[in-house]
Amino acid sequence: MTTPSSELSSTELPDYAHLQAGGTSVVVDLRSAGQPIIVHWGEALGPIGEDELAGIARAARPQRVSGGLDETARLTVLPQESGGWLTTPGLVGDRDGADFSSRLVLTAGTVSATEAAFVLRDAAAGLEVHVSLALGVSGLLHQRLRLVNLGDAPYRVGALSAGFPVPPTATELLTTTGHHLRERSPQRHAFTIGGHVRESRRGRPGADATLVMVAGTPGFGFERGRVHGVHLAWSGDHRILAERTPTGDAVLRAGELLRTGEIILAPGEEYETPDAIGSWGDGLDAFAARFHDELRARPLHPSRPRPVTLNTWEAVYFRHDLQTLRRLADRAARVGVERFVLDDGWFHGRRDDTAGLGDWWVDAEVWPDGLTPLIEHVHGLGMEFGLWVEPEMVNPDSDLARRHPDWLLRARDELPPSGRQQQVLDLAHPDAYAYIAGRLHALLDEYPIAYLKWDHNRDLAEPGFGPHGRPRVHENVRALYRLLDELVERHPGVEIESCASGGARVDLGILQRTHRIWTSDCLDPLERLDIQRYTGLVVPPELMGAHLTSPVVHSTGRTVSLAFSALTALFGHLGVEWDLTGEDDDTLDAIAEWVSLYRTHRGLIATGRRVHADLADPALDLRGVVAADGGEALYVHTQVRTSTAHPPAPITLPGLDADRRYRISIAVPADAGGYLAQSPLAWEADPVVLNGRTAAAIGLRPPVLLPQAAALIHAVTVD
Ligand code: DGJ
């Protein structure tokens, strides 16, 4: 991004701003209404002159129509009723009923090649809003708003949201929904006139949260169809809206959902929104690539190879026993695991999920010599040690809750409805924060812990500051971010995983200060196909925890092959969630082979471009990772269930360089099921050679697989 110029008054500002970066242009008209208007957000326009910008702005002006206001309202950066905007406004708030409607007009701003900042002021209402637009390296549009109360009475903020205009051809919407064990399940419908709202009122995004709101041309897929969409980088309540107006505008709005009274600004105080981030592209893979590329360019982004992880949860649950865990660690090291994570159950009084949360010291009964004997054993085997924590939660049956009942979020004397027998700590309470920060620092100082799995196992209900107190979600999210930042700074090198009953807290607010997400508690590869596909709309594969399951999946009861589990987990951050102590040598050898395959390719997976083929056959799934230089690609071809055709019709391999030729073959270290040997792709002496254009357009007959089996296809350039 370039340095913005110094602030100019509204009259000194240019008539138009043209921001351009990463293949995206944003054109802002600063003259046609009292506020800036984004008249283009999408493909890069190149070096165009003032006259063309003027043309774009002029062409966007709506006419006056019968039955309407004398001037048809414009979709400005903060549309408001005073400008004639009669659908969802950008700002909602009041001073005890007064100043319910604002007239914020452009008074000053700065514009550079990639950023613009505008000051909108309503002197009479005593309000000022700072709007910032910034294009990131890969062409993501970031919007952030800051509201300042210039008046002499408190101002209650109801909503403040950023708007992203989308083209009229975007008539289909995609969001995600879900529940525990099935996060980010896609849903689509027509984007007709009116509003389609997705809200989270769970104090965390929640398992049902939409990761994105995408609007696109009808039937858009991963390879094709123009799409525009938004993500809100925030780990609390949110409101994301797609609204099409009867006056021909369509907009995606994203902002924090503020509960009544949550933000009341005293004179001089301000409220800043989280980042609302817009992406666009031809196909969802192009949309996702902008997120992946920008995340990968961050200084915090994990750059060392992602260590293969063993998480103890499904292996032992709460049955913590040093001997068993040592044996599990031995087996983990034998199959090539590099990080051993001790999950829930290690701290004071924690024998099951009814007690202990809050008492963050090692349980002396279960661990008479502390964690050192296990950690030394793990280190002796050449692995890192990681530990599970759930710092924001408290069991009423804990010393913490007994000593400090006033540290629990609640709206009345009675506690809110419980979830997993737990209540929520008010992390915004300075003493509660100090206690938790102190315990975490102490653990990290005492033990050589390389990794924290940071869990959050319930939706919030009635998250108030004590009986008759105000809502506290916003303050708690800010306190959480502060705590995570403090930990990362004080303990350099420690990595943190964001987990929330699986994947209920997946957003770029949390990922700004953590190193991966736990994608889902569901390890069933069949379910994981969609969960990972849609989580990947924002999260790059190397930040997505994906573990090998035990043969009978705990959460679905389905029996799955190791190859299917491994190939589905391959395009992620690989781990093992399985009691290896009961497995024989053959199984351990097979696991070791898959782990070794991941280790061979993890560099490619962490840097390559993720692709998915838009196949006509719903029984097939074809996804891949193409190296950044186009030199090679890995594809996983999955036979989800039987196809109507037998053998199935050709599959296509997207993402390769159109003009380069590739040798394409099956690459698997073990049997992936089915009849692989009969596939032309398996004839190494006489491999299939296609160029990138024909591989994507014409494709090839896939190997015939049994249902719920997968094969790994490798494409390497010949020239
Ligand atoms: C929920 C997580 O998603 C699981 O992986 C595990 O850590 C449990 N919590 C532990 O209570």
Side-chain angles (χ1 to χ4, degrees), residues 178-184 202-209 235 309-320 325 328 332 339-360 363 366 385-395 397-398 418-425 449 451-460 495-507 510 514-524 527-528 531-532 535 539 543-550 553-556 565 569 572-579:
H179 51 74
H180 181 224
L181 303 168
R182 188 176 169 160
E183 300 85 342
R184 288 164 293 286
R202 298 170 186 274
R204 59 179 186 177
D208 72 324
S235 312
T309 298
L310 181 134
N311 188 57
T312 62
W313 181 239
E314 289 205 359
V316 299
Y317 291 106
F318 289 107
R319 298 183 302 274
H320 282 203
L325 288 163
L328 186 60
R339 175 184 278 162
F340 185 90
V341 180
L342 183 64
D343 206 287
D344 196 355
W346 58 268
F347 49 96
H348 181 62
R350 188 70 166 175
R351 298 293 177 285
D352 55 32
D353 63 11
T354 61
L357 289 173
D359 298 346
W360 298 108
D363 189 90
V366 180
F385 180 78
L387 192 64
W388 179 96
V389 289
E390 195 180 4
E392 299 145 274
M393 295 293 158
V394 183
N395 285 119
D397 184 1
S398 66
S418 68
R420 209 194 189 202
Q421 291 79 240
Q422 60 201 53
Q423 293 292 339
V424 186
L425 188 73
I449 295 169
Y451 182 77
L452 288 177
K453 177 177 176 185
W454 188 295
D455 212 338
H456 181 284
N457 276 308
R458 60 160 295 173
D459 291 328
L460 274 54
E495 291 194 3
I496 302 175
E497 171 179 55
S498 169
C499 171
S501 331
R505 186 152 68 184
V506 173
D507 62 83
I510 203 87
T514 55
H515 304 81
R516 76 168 212 177
I517 50 126
W518 180 225
T519 317
S520 177
D521 274 350
C522 183
L523 296 168
D524 187 328
E527 304 287 327
R528 276 275 182 150
I531 296 174
Q532 293 171 189
T535 302
V539 182
L543 301 187
M544 233 193 271
H547 293 182
L548 304 182
T549 172
S550 46
V553 181
H554 290 201
S555 62
T556 61
S565 171
H573 177 178
L574 191 80
V576 178
E577 192 101 9
W578 181 345
D579 182 4

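Scope of the values below: all heavy atoms of this structure, side chains included, with no hydrogens, waters or symmetry mates. Note that ligands are numbered from 1 as they come in the structure, with each ligand's atoms numbered from 1 the same way. Everything numeric here is computed off the predicted structure, so don't read it as measured data.
Minimum heavy-atom separation, F340 to L325: CZ-O, 3.7 Å.
The proximity of D353 to ligand 1, defined as any non-hydrogen pair under 4.0 Å, does not occur for either the backbone or the side chain.
Nearest protein neighbour of atom 5 (O) of ligand 1, counting heavy atoms only, is K453 NZ, 2.7 Å. Ranking the protein heavy atoms by distance from atom 4 (C) of ligand 1 puts D521 OD1, 3.4 Å first. Regarding atom 6 (C) of ligand 1, its nearest protein heavy-atom neighbour is D343 OD1, 3.4 Å. Closest to atom 2 (C) of ligand 1 among all protein heavy atoms lies D455 OD2, 3.2 Å.
The closest approach between R420 and ligand 1 falls below 4.0 Å for a heavy atom of the residue.
Here's the thing with C499: none of its N/O atoms is less than 3.5 angstrom from an N/O atom of ligand 1. Looking at D344 next to ligand 1, an N or O pair under 3.5 Å apart turns up. For S501, no nitrogen or oxygen atom sits less than 3.5 Å from a nitrogen or oxygen atom of ligand 1, counting backbone and side chain alike.
Each of the atoms 3 (O) of ligand 1 lies under 4.0 Å from some heavy atom of G502.
Of the charged side-chain nitrogens involved, none lies within less than 4.0 Å of a carboxylate oxygen, so that D363 and R350 do not count as a salt-bridged pair. For R339 and E497, the salt-bridge test fails: no basic side-chain N is under 4.0 Å from an acidic carboxylate O.
Taking the six-membered ring where tryptophan is involved, the planes of W388 and F347 are essentially parallel, since the angle between them stays under 30° and well short of 60°.
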Checklist line | Verdict with supporting geometry, N395 and D397, side chain to side chain donor-acceptor pair (under 3.5 Å) | finding: CA-CA 5 Å; N395 285 119; D397 184 1; over 6 Å; no
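If you take NE2 on H554 and CD on E577, they are separated by 9.0 Å, rounding to the nearest 0.5 Å.
A cation-pi arrangement is absent between R184 and W518 under the rule of less than 6.0 angstrom and at most 45 degrees off the ring axis.
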